[in-house]
Amino acid sequence: MSVLFILIAASLAIALLFLLAFIWSVKSGQYEDDYTPSVRILFDETGKSKPVNKTKSI
Amino acid sequence: MPDTIYTIVNAHSTCYHCGENCEEGSLVFDDKPFCCSGCKTVYELLGENNLNCYYDLNERPGTSQKNNYDSAKFNWLDDTESVKKLIQFNDGKVAVATFFVPTVHCSSCIYLLENIYKIQPAISKSQVNFLRKEVRITFRTDEISLRKVVELMVKLGYEPQLNLVDLEKAKTTISTQKYYLKIGVAFFCFGNIMLLSFPEYLGLNSLSEHPMHKFFGYANFLLALPVLFYSAREFFVSAFAALRQRSLNMDIPIVLGMIAMFIRSSVDIFFQQGAGYMDTLASLTLLMLVGRLFQNKTYATLSFERDYKSYFPVSVSVRQNGIEQTIPLSKLAVGNKIIVRNQELIPADAILLKGQAMIDYSFVTGESNPVPKEIGEKVYAGGRQIGSAIEMEIMKDVSHSYLTQLWNDDVFKNKEEASSAELANKMSRYFTPIVILIAIAAGVYWFPTDIHRAMNAFTAVLIITCPCALALSTPFTLGNVIRILGRHGIYLKNTFVIEKLTKIKTIIFDKTGTITNKRDLNVNYKGAALSDMELVYIASLTYHSSHPLSKKIFNYLNGIKIIQTKDFLEIHGKGIEGWIDDHHIKVGSVDFAGGTDMVDDSTASTVHINIDELYKGYYEVKNEYRAGLNELMNGLKKDYELYILSGDNDNEKQYLQELIAPDHLLFNQQPIDKLTFIKEMQNAHHQVMMIGDGLNDAGALMQSDVGIVISDDTNNFSPACDGIIDARKFERIQSLMQYSKTAMRIIKASYTISLLYNLIGIYFAVQGTMSPLVAAVLMPISSVTIISFSSLVSYLFGRRYDFQ
């Protein structure tokens, strides 16, 4: 039965990971705009010329 | 690149870029018609940068480029102080700025604005928030200035709207973010506490001696801590605030229940007397938070908090010693000479020094026809110049100008008292003492026989009566109602407005722009035909008069040249006369012009014409009243006292008298008069609703208990108010009032249901032997009943009032 201690600890730890992931997603603003990303995903890259100097965002 | 071929396009073709009709003489480029070179330039620019996808996503997605902007318009963006306010983040190399771009309307807009880096490599990232119509741009400051970024956007047809007040709006997102976090934490704890309470639910009492049992209890205790101290914090804050003001609100019995639950459970857990109520605590907090979130409906592009500052420019161009400079508006002083360009607002009362002024006062009066001004004339703040640049000298401070002094009134200084649900608080005033009395009575009853049982009964009553369901009925009913209304062009600031609406006894309407249409003034001429020269005389004469009817006729004769008038005379209440080219022109009332015609339509004002002592005929000026005005007024008349406060003169009195009693019609009301009128009504204990439109109603809207703005374009600015109604839904005001009343009845019905649940709970609780399981089952069930009842019934009643 005492294996339950470990199992519960493990399940709590995993749940905690998901909670942290949720907190991160809220803080990074993913729930601020629930419309634009659905449009953005449909854009094709025009392909012919690679965009000049594509920079990583800061 | 294809050769540029300019040919004349056929009439009736539409611009490939913006979809406007191409007039003759328009351009064809790349086999596509363009209405102006501006649109063609954008097309070329996009072509060069491989952004033609812009046109594939939507047909004719652009904005017309015909209104060429004046490059000096953005001079103020060179002023480092102003720029600092616009930029949210700047580390010396990279800066981030967010712009509100009203022209964003389709996926092509998103595509272009997010690929703007292909055109200007110094922009490293741009992100559109479509619902908020915002673009967040990251750019390298050593390669490009903010002004260049803005100018590029303007060039592409996406002119950002720049004013400092809008930039403070970001706060609202943070508050919803906080709710998400609190709900996330509460949900996590709730789920896990439930899981750990499972043995208890299944009645596995064999475990009760096992160390596992203890372990579950401690884990539950730990999981309840973040619920109580983080997620439920705002309930405690609000309850303490109410106590400090010596009043009772709904949060007090809730907090009382929560504290009872937590202490009782902690005692149970640490002294191994039972499993405690931690699961109920968590589920209750979770549901309450969801209710709060549901109640907080916000409209991304609407703002209910604007004052004149959102209308006014950030900085102005000032001419000092012959040099033009840009200074922030706050530094503008009396005596400064300012330059106001096409489409710019006049920030303070000033005297015109140079240039041809055509001032559009639609912000102030709702009257959209521009008014010409002559050199030396006084021009009031809030007007918008149309045409070439003008120079003027400032007469008054920005905050003491004719229009803006309204905001110096106390109404705008007193921060509105914290809005709260009054019905719920009233309820709490009875509920809380009764619950505490029952709890004490139960405790006292058991005390002589069994102290332990007495404590159990006392806490159990507090726990089971924790008015979770009661507190949920308001947010879910009103939250649902506000959403249904929002889908029908009626946007309320918050749910408390609905409650205030039900108490309204008096409704006050503004006239121009509220019950009349701003556009389409109907002017008709009836009588003997007028020669072209005679039209010139009439236009020249009416040009000199500031009477609204003269202005309307002048605007109707738009485009006619004006010649000099001699001996101009305005006789108040009668008309105007003067000599032009040796002709004696008289324009005015029937008697004044010597008319004989009977006017058959009483809704129109008439202006009669007499040239050289010969009666010619009359102009009929009709104010277009909004569709359904008659029905609305007649419907509202039964339940409310109606008033009309008009800034105009009384020439439509006759028609309006048919709608409401003559002594309820007030004319020539200045903005400050409207405000005082409402104040007086309120002093006589009337609950007043003001329905207005322009900045001139701003004071009245603020002073009234409920201020509603009628708006032809909800994306436009509107003054601070409690609700915005799309002008096309004007006639739905009565349904709005009825629906609000029904909503409050629904809330009362759900109060009854939840009180019944409470009675059942109390029956178990007073016996002092209530199992935590009863609470764990009863409380969520009552909450779910209430949520489904209030949502469903408010939806059904919405259909009944035609809000489908």
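Counted within 6.0 Å of CZ on B:R136, heavy atoms from surrounding residues, nucleotides or ligands total 12 or fewer; the atom is thus considered open. Applying the 6.0 Å contact sphere to CZ of A:F18 captures no more than 12 heavy atoms from other residues, nucleotides or ligands.
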### Task
Could you please spell out the steps behind the side chain to side chain contact (heavy atoms under 4.5 Å, CB included) verdict for A:L16 and B:F188?
CA-CA 8 Å; A:L16 202 66; B:F188 163 79; 3.5 Å; yes

Item to complete: Dump the intermediate steps for side chain to side chain contact (heavy atoms under 4.5 Å, CB included) on A:E32 and B:Q177, then the final yes or no.
Response: CA-CA 8 Å; A:E32 258 173 61; B:Q177 257 195 24; 3.2 Å; yes

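We find the CG-OG distance between B:L181 and A:S25 to be 8.5 Å, quoted to the nearest 0.5 Å. Interatomic distance, A:F22 CZ to B:Y180 OH, rounded to the nearest 0.5 Å: 8.5 Å. Rounded to the nearest 0.5 angstrom, A:L42 CG and B:Y111 OH are separated by 13.0 Å.
When atom types are taken as modelled, the side chain of A:R40 and the backbone of B:Q127 share no donor-acceptor pair closer than 3.5 angstrom.
A:D33 and B:F130 get closest at one heavy-atom pair: OD2-N, 3.7 Å. Scanning both residues, A:T36 and B:V128, for their nearest heavy atoms gives CG2-O, 3.2 Å.
Interface remark: A:L19 contributes side-chain atoms only to the contact with chain B (heavy atom separation under 4.5 Å). Looking at A:I8, only its side chain comes within 4.5 Å of chain B, counting heavy atoms on both sides. The parts of A:V26 that come within reach of chain B are both its backbone and its side chain, each placing non-hydrogen atoms under 4.5 angstrom from that chain. For B:N192, the part sitting under 4.5 Å from any heavy atom of chain A is the side chain, from C-beta outward, and nothing else.
Not counting sequence neighbours, the partners of B:F221 by the side-chain contact (heavy atoms from CB on, under 4.5 Å) test are B:L225, B:F262, B:S266, B:I269, B:F270, B:M278.
The aromatic rings of A:F5 and B:F215 sit perpendicular, their planes meeting at an angle over 60°, well past the 30° parallel limit.
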